[in-house]
S.K.: 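Below is one structure. I have some questions about it.
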Amino acid sequence: MAEAIVSGVFERLTSISLQVAENGVRLVVGVNEEVKKIGTTLCTIRAVLADAEKRQVKEQAVKLWLDRLQNVAYDIEDLLDEWSTAVIRSKIEESQSTFRLSSLRPVANSIPRLVGRRGIATKIKELSESLQVIAKEKDDFAFIVNLSRNDDIEPERPKTTCFVDASEIRGRDQDKNTIISMLLSENGQERGIPIISILGMGGIGKTTLAQIVYNDRKVNAYFQKKLWVCVSDPFDEMRIAKAILEALTGIPSGLGELNTVLEKIHESIEGKKFLLVLDDVWTEDERKWQSLKCCLKSGASPGSKILVTTRKENVATVMGCTRLFHLGKLSEEECWSLFSQVAFSGWNHGARQILADIGKKIADKCNGLPLAAKTLGGLLRLKNSREQWQRILDSNMWELDEAETGLFSPLLLSYYDLPAPLRQCFSYCAIFPKGCKIEKDLLIRLWMAQGFLGDGNGMEIVGEEYFDNLAMRSFFQEFETDENDDGIIRCKMHDIVHDFAQLLRKRECYVVASNGIEEQRAEWYHESARHLRVILDNEQAVIPSLLYNAKKLRSLLVDSCHSNSSTLNVSLPRLFDELTCLRMLDLSNKFRRQTSITELPCQIGKLIHLRYLSLEGNKGLKQLPTTLSDLCNLQTLNIRLCSSIQGFKVPINLRHLQNAETYGCTSMTFGTLLQTLEEFVVGNLFGGDLREIFIGREVGRSNLGDLGNFAHLRGNLKIIGLGDVSRRSEAEEAGLWKKTGLRNLTLSFNFKYKGNRDLEGAYAHESSVLEALQPPPYLESLNINRMNGPTAFPSWMVSLTMLKRVRLWACFNWKTLRPMWKLPVLEHLEIWEMKNVKEVGQEFMGAETEKGQASSSSSSSVNNNIAFPSLKHLKFQSMDDWQEWYYGHLLTTMPLLCSLKINSCLKLKSLPRHLLQKTTLQVLDIFDCPILTERYSRNGTGEDWHYISHIPTITIDGEDVKRDGN
């Protein structure tokens, strides 16, 4: 890790020197020489760091030397950042002064006066001396010098695959059948709920075994309810109870009392046969489990089971396990099978044969541990020569004797094979709680905040590449994709991989609980502490006093979801006064309780290094201080769900504004670096005082045209209040079609129901505005809602050839559905609350063009005879007047349809038989549709049951339809 830090400091030093020269900054006498000396020394030290990083594993003296080097490098980096910030601020002040006082004499010497102050000069000299001492000490270790820097070259990534399919399990069939047999057995003489425990060391595959059992067909048929909760450490009764309740009801719980949550759980499971999986349990405190256990026991139906995975037999005993299953290692053959599956993915037979003999020896050293086999397989998949494989086999990393013998050694091999920048990116993941889901975009922005991705315009792209590289090497797992199934949005780390990251950061990254949930440790306030998570887990908890001494902290996450907000409000001014090196600050209220921060003190302006600030969920926060705009290094600001904020000025270099459900973007002017803007509210949405976010001008009514100034917007954008836009030119000025990075777009018009008024006249502007809001050609998801006028269909819709998902809803006065059947890659289509639509006709389903030309096989387009050629999922909901659904006249319609859902369509008479008879259709869900329910009921009572009886999964009014014999 020191290698990456030193390299980053060296590059930053070079950048700052150029910045100073370009701006004509005059330095204090002697400073220039000290800066050059630091650069030369860093260059010399870099040449030995590759060897030092590897030797520190077994040589404590080397480890201590690297720690000292790392601390000095951090201090130099902070000083360079202070220097750079002074330059930026001076340029801003000069620009503003020149603009305001152009007729007066120019402000000539502001930059030299700020940047050349003696305080910075003194610090530079002191740090230069410290670095010289460390550089001399390196000679005592006789390090191997490496000047080539080849280890920083990214390996070529295979083109055939990115991620290994985690469902391809090896050697667990017998184990799976044994666990399933335990789960399906009747309780017999056992009292209460049988609790089965899968016991085994980390990385042996306990969670994987539980997952394949959980998803087994026989298990699905036996249990009425299945619940999965990742417990991890600490054992938080409230979080676990809420997770169980959410799994039961499908609705997140906002309840604040544990007893209330347990009562709701009892009501939800009463009389039901359920399976509850508690994955990764660590607590040996029986009291933490007792309340939940009693609740489950009292409500359970006979046949219910609880399945626990844990590394410790003591935990199984405390949990009251009735059956214990010791999970063993893989055999040599099974381990080789798993290893080769990953390592040789995409390789031809000849290439496999050349390396098979070495590969089997490496697989043997994995000691039968699936995670080790998978990790090393991911490493070697990128290497194609015998020399590279032999070097891994001969490495002395195998001789490590760590707590998880046999795992940390292969992980170290993979870790040291990473380019230096990726090593610090990986190890920084130790800051996340074990077992939590990691948001990919959040992780990349935290890497940015720490300076791991450089400081150029392409930081986000570099972060994407780093994430993909780490995922490809199996450092991440359990990936979740976005709604279009195109990109990863979140992932997890295996417990052992997380332990390994914590090992790498054990002198830097700490977790401190104020009430004993985790053992309190005093070493975290040592000067080496850089990243800290503080848990305030009861009403009496306070910020630990020692925290104010941790002046070198770079990351601070305060988990105050169970504490009294007044405590945190009082502590913040002093925190901001003392912890001025912070680059990342998370004060979010994750559970969105009523208690929240009510005031952000003006001292936040002292956090000049701050790059990332999260205030999410603090609904009581009404105002942000004006000093926030002084944070010229701030890259990401998260104010999601801060619905009371009145207004603030955006820092000039902000790149990501996460403002969903604040309804506050009402005035943003001239161009910025913004790439993320989740919501933009047009006009006075609520009819009261405007809530404002502004940059550099007097605040007034927001203008849709202001969006034209944000040329770099990408990802998701929701525009709210389009019903207030009366001029087409204003919509054209937004220039959405130019924002080629946008992928998901929501266009929301105000709904102002006018009864029987002349809709054509009252809302004639809507169609014109919608037409002018042409999205970029690469858009993948489109949502149009709350239009007030009659049916509107923009001409640009059919040109969106990359569009995969469309949702149209709450356009209450639309009477027809316009044609979308030509969209070539549309996979998901949802239509909600079109209350005046009486029929879905042939125009929508694919019959004729608007000019009346019949589609025919003579057309030049292959797909002209296919309506909705890629559609897989179709849903209609709350269509109050819908009665008829005509199939259309094209030869082929929806050839790939696999899911059809019809909800709350009270008057709909029937479904097109051609759709129902498709062999691709796997799911049919009918809910609150009385005519359809009667028509398609089973056992011969419904006249059209035979048209749907072949569909594998049929749900009517929330109940799964079971066929005879199933």
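The model shown is predicted, which means the values in this text are computed figures rather than measured ones.
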S.K.: Using the side-chain contact (heavy atoms from CB on, under 4.5 Å) rule, pick out the option among Leu800, Val806, Thr801 that qualifies with Leu826.
M.R.: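 The residue from Leu800, Val806, Thr801 that satisfies side-chain contact (heavy atoms from CB on, under 4.5 Å) with Leu826 turns out to be Val806.
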S.K.: Any chance you could measure His828, atom NE2, to Ser899, atom OG, to the nearest 0.5 Å?
M.R.: 9.0 Å
S.K.: Taking the side chain as C-beta and beyond, is there a heavy-atom pair between Leu742 and Pro775 under 4.5 Å?
M.R.: no
S.K.: State, with a plain yes or no, whether a side-chain heavy atom of Tyr886 is found less than 4.5 Å away from one of Glu839.
M.R.: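 Yes, side chains in contact.
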S.K.: Could you go through residues 917-932 and list every donor-acceptor pair under 3.5 Å that involves a side-chain atom there, pairing it with any protein atom two or more places apart or in another chain?
M.R.:
{"from": "Lys918", "atom 1": "NZ", "to": "Thr893", "atom 2": "O", "distance (Å)": "2.7"}
{"from": "Thr920", "atom 1": "OG1", "to": "Leu897", "atom 2": "O", "distance (Å)": "2.6"}
{"from": "Asp928", "atom 1": "OD2", "to": "Ser904", "atom 2": "OG", "distance (Å)": "3.2"}

S.K.: For the pair Lys226 (side chain) and Tyr214 (backbone), establish whether a donor and an acceptor sit closer than 3.5 Å, ignoring hydrogens and angles.
M.R.: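 Yes, because the side chain of Lys226 sits within donor-acceptor range (under 3.5 Å) of the backbone of Tyr214.
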S.K.: Does Lys838 come within less than 4.0 Å of Asp881, counting only side-chain N to carboxylate O?
M.R.: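 Salt bridge flag = no for Asp881 with Lys838.
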S.K.: Say you draw a straight line from CZ of Arg490 to CD1 of Ile438; how long is it, rounded to the nearest 0.5 Å?
M.R.: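 So the gap between those two atoms works out to 11.5 Å.
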S.K.: Does NZ in Lys901 sit with more than 12 non-hydrogen atoms of other residues, nucleotides or ligands closer than 6.0 Å?
M.R.: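 Counting neighbours around NZ of Lys901, 12 or fewer heavy atoms of other residues, nucleotides or ligands fall under 6.0 Å, so no.
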S.K.: How long is the gap from NZ on Lys619 to CD on Glu661, to the nearest 0.5 Å?
M.R.: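 Spacing of NZ (Lys619) from CD (Glu661) equals 7.5 Å.
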S.K.: Among Met820, Glu833, Glu830, Arg818, which residue meets the side-chain contact (heavy atoms from CB on, under 4.5 Å) test with Leu808?
M.R.: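 Checked Met820, Glu833, Glu830, Arg818 against Leu808; only one passes side-chain contact (heavy atoms from CB on, under 4.5 Å): Met820.
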S.K.: Of Trp809, Trp882, Trp832, which is the lone residue that meets ring pair (Phe, Tyr, Trp, His ring centres under 6.0 Å) with Phe876?
M.R.: Trp882
S.K.: Applying the side-chain contact (heavy atoms from CB on, under 4.5 Å) criterion to Ser781, which one of Thr746, Asn744, Leu803, Asn716 satisfies it?
M.R.: Asn744
S.K.: Should we say atom NZ of Lys739 is surrounded by more than 12 heavy atoms from elsewhere, each under 6.0 Å from it?
M.R.: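 Buried by this count: over 12 neighbours within 6.0 Å.
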S.K.: I need the Phe274 CZ to Lys305 NZ distance, nearest 0.5 Å.
M.R.: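 Rounded to the nearest 0.5 Å, the CZ-NZ separation comes out at 10.5 Å.
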S.K.: How would you list, by chain and number, every residue that makes a side-chain contact (heavy atoms from CB on, under 4.5 Å) with Arg728, sequence neighbours excluded?
M.R.: Glu732, Ser768, Glu771, Ala772
S.K.: Looking only at side chains, do Gln211 and Asn215 share a donor and an acceptor under 3.5 Å apart?
M.R.: no
S.K.: Could you list the donor-acceptor pairs under 3.5 angstrom formed between side-chain atoms of residues 867-874 and any protein atom two or more places apart in sequence or on another chain?
M.R.:
{"from": "Ser870", "atom 1": "OG", "to": "Pro824", "atom 2": "O", "distance (Å)": "2.6"}

S.K.: Do other residues, nucleotides or ligands put more than 12 heavy atoms under 6.0 Å from Trp737 CH2?
M.R.: no
S.K.: Could you list the residues that satisfy side-chain contact (heavy atoms from CB on, under 4.5 Å) with Cys295, not counting sequence neighbours?
M.R.: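 By the side-chain contact (heavy atoms from CB on, under 4.5 Å) rule, Cys295 matches Leu262, Ile265, His266.
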S.K.: Out of curiosity, Leu773 CG to Ile719 CD1, how far, rounded to the nearest 0.5 Å?
M.R.: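 It comes to 6.0 Å.
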S.K.: With sequence neighbours excluded, tell me which residues meet side-chain contact (heavy atoms from CB on, under 4.5 Å) with Lys909.
M.R.: Gln883, Glu884
S.K.: How would you list, by chain and number, every residue that makes a side-chain contact (heavy atoms from CB on, under 4.5 Å) with Asp944, sequence neighbours excluded?
M.R.: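 Counting only residues at least two positions away or on another chain, Asp944 forms a side-chain contact (heavy atoms from CB on, under 4.5 Å) with Arg913, Arg935, Tyr936, His946, Tyr947.
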S.K.: Going by the side-chain contact (heavy atoms from CB on, under 4.5 Å) test, name the single residue among Met787, Glu766, Lys835 that passes it with Cys811.
M.R.: Met787
S.K.: How far does CD1 of Ile784 sit from CG of Leu782, to the nearest 0.5 angstrom?
M.R.: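 Between atom CD1 of Ile784 and atom CG of Leu782 there are 4.5 Å.
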